[in-house]
Amino acid sequence: MADEPAIDAADLKLLPLDALHRRLGGRMVPFAGYAMPVQFPTGVMAEHLWTRAHAGLFDVSHMGQLTVSGAGAADWLETIAPGDFRALQPGRMRYSLLLADDGGILDDLMVTNAGSHFYLVVNGATKHDDIAHMRARLPSGIALVHEEGLALLALQGPAAAAVMVRLGVVSEIGGAPAVDALKFMQAGPYVWNGVRLGVSRSGYTGEDGYEISVAAKDAGQLAEALLADAEVKPIGLGARDSLRLEAGLPLYGHDLSPEIEPVEAGLAFAISKRRKAEGGFPGAARILNALLDGTARKRVGLKLDGRQPAREGAPLFAGDTQVGIITSGGYAPSVEAPIAMGFVDAGLAVDGTALEIEVRGKRLAATVVPMPFARKNYVR
Amino acid sequence: MRYYTRDHEWIDVDGDAATVGITDYAQGQLGDVVFVELPEPGRTVEAGKEAAVVESVKAASEVYAPVSGTVTEANQAVADDSSLVNSDPEGQGWFFRLTLSDPGQLSALMDETAYKSFVATL
């Protein structure tokens, strides 16, 4: 059997919860420069289904947590990303894109208006490039800080809100919503057991849930307290990937890259209405043209016949003609079928279109289907 | 007599006929197996070269032929229910049977004791 890449421990950074993951039997693999748990002893399938039915705890401390502050911070963010950050209210967050000058996607990120500053979460594998890109464009008077002392946990699943309430997570500010009254894409400062938490109702699984920013030194006791709840189990990167794929959420470095602009990626919603009217973000000419004229290719969801999955890189065919490529694929435990995401010629990016995916010389039948593959359960 | 490879395949040999599968260690590393691509009877396989593919939720992994030979049977039970690879990898979860073309190749493989020591180092 083919081996997975061995961990060269010397080159890998350790997560703040490294010891806990190992104690829980997590199988550690290299990811984004960190040793990370790909699965725990129950395995990817059970972890995936548990998260959809109860609550899963994910350690996503490899992701980059940044703050941007200073007069004009919103205006500056609008020069690097296409969101309407001037109109983003305190306690609200929005999905956005870090764009290259040609409109290609350098990263996808979450931007929260934290009142006194903006709080950004960027992908782990791209965080150092993102920071370099931002620093090169940073005017005097705006401060960009990489908050390396913070861990990031995600609690995802239908039981997440009840777990947070049982744990005793309370708002730090009088009059702010109780943790279970936060709405999807709202955020705020909370406190648990004297520990300050930055909590948002958000995630990457298609389920209700929270992302919790906490000082790395306090992350262990918070994780242990969450795991002490019978509804919570630890979840690895394997299930994180299968959950986000079912939710139709793209993964940077696979479904998104500098060669892909937002419109063909199906992310036009990340370009705020005012920005569409005014432009002024990197690649605006190309992206606004794509909005008007359409794109040559589009990101689509695919459901495969049979049980055999197709993986990233597999070519898509209509008859003898290659019409696209798979960018993410795997077995979907909640759909109980193999599913995939990929880019196809725009004329074929229509629900119900029958295509074929070539895997090891064989053609697998697949159908273009709407995403998400599994119903989203956000609390709006 | 059962032999093992460093790539975590096992081969159970009876004369010039043999049965091949992956070890319990291998299935544990793979996690939930969702699909197995097995070789067609009549196909010749070469020692150390790909003979089957096992797909977990997460990834595809090649399974190598421990020795060279001609495939005589693929395990239909595993084709129908790939979870047998997880539940009984060294029994009902076998992959294929073959006729050995060079039984001398077996001397390059490990016996159970040697394989267990090898796994203990991983």
Could you state the interatomic distance from CD (A:Gln308) to CZ (B:Phe35), rounded to the nearest 0.5 Å? 3.5 Å
Between CD of A:Glu47 and CG of B:Asp32, what distance do you get to the nearest 0.5 Å? 9.0 Å
Is there a side-chain contact between A:Arg360 and B:Val53 in this structure, where contact means two heavy atoms from C-beta onward sitting under 4.5 Å apart? yes
Could you look at B:Ala52 and say if it's the side chain, the backbone, both or neither that has a heavy atom under 4.5 Å from chain A? neither
State, yes or no, whether a side-chain contact exists between B:Val34 and A:Pro309 at a heavy-atom distance under 4.5 Å. yes
With a 4.5 angstrom heavy-atom cut-off, could you sort out which part of B:Ser82 is near chain A: side chain, backbone, both or neither? side chain
Option that, when pairs with chain B are counted at under 4.5 Å, heavy atom only, ranks first among A:Met45, A:Glu312, A:Arg311: A:Arg311
Got a sec: does the CD of A:Gln322 have more than 12 other heavy atoms crowding it under 6.0 Å? yes
Do A:Val38 and B:Lys58 come close enough that some side-chain heavy atom pair is under 4.5 Å? yes
What heavy-atom pair brings B:Val57 and A:Ser242 nearest, and what distance separates the two atoms? CG1-CB, 4.0 Å
Got a sec: does the CD of B:Glu73 have more than 12 other heavy atoms crowding it under 6.0 Å? yes
Is the number of heavy atoms from other residues, nucleotides or ligands under 6.0 Å of B:Asp80 CG greater than 12? yes
Can you check salt bridge (charged side-chain N to carboxylate O under 4.0 Å, His left out) on A:Lys362 and B:Glu40, steps first, answer last? CA-CA 14 Å; A:Lys362 268 197 332 204; B:Glu40 297 283 321; over 6 Å; no
Honestly, the part of A:Gln39 sitting under 4.5 Å from a heavy atom of chain B is side chain
What part of B:Val36 lies closer than 4.5 angstrom to a heavy atom of chain A: side chain, backbone, both or neither? neither
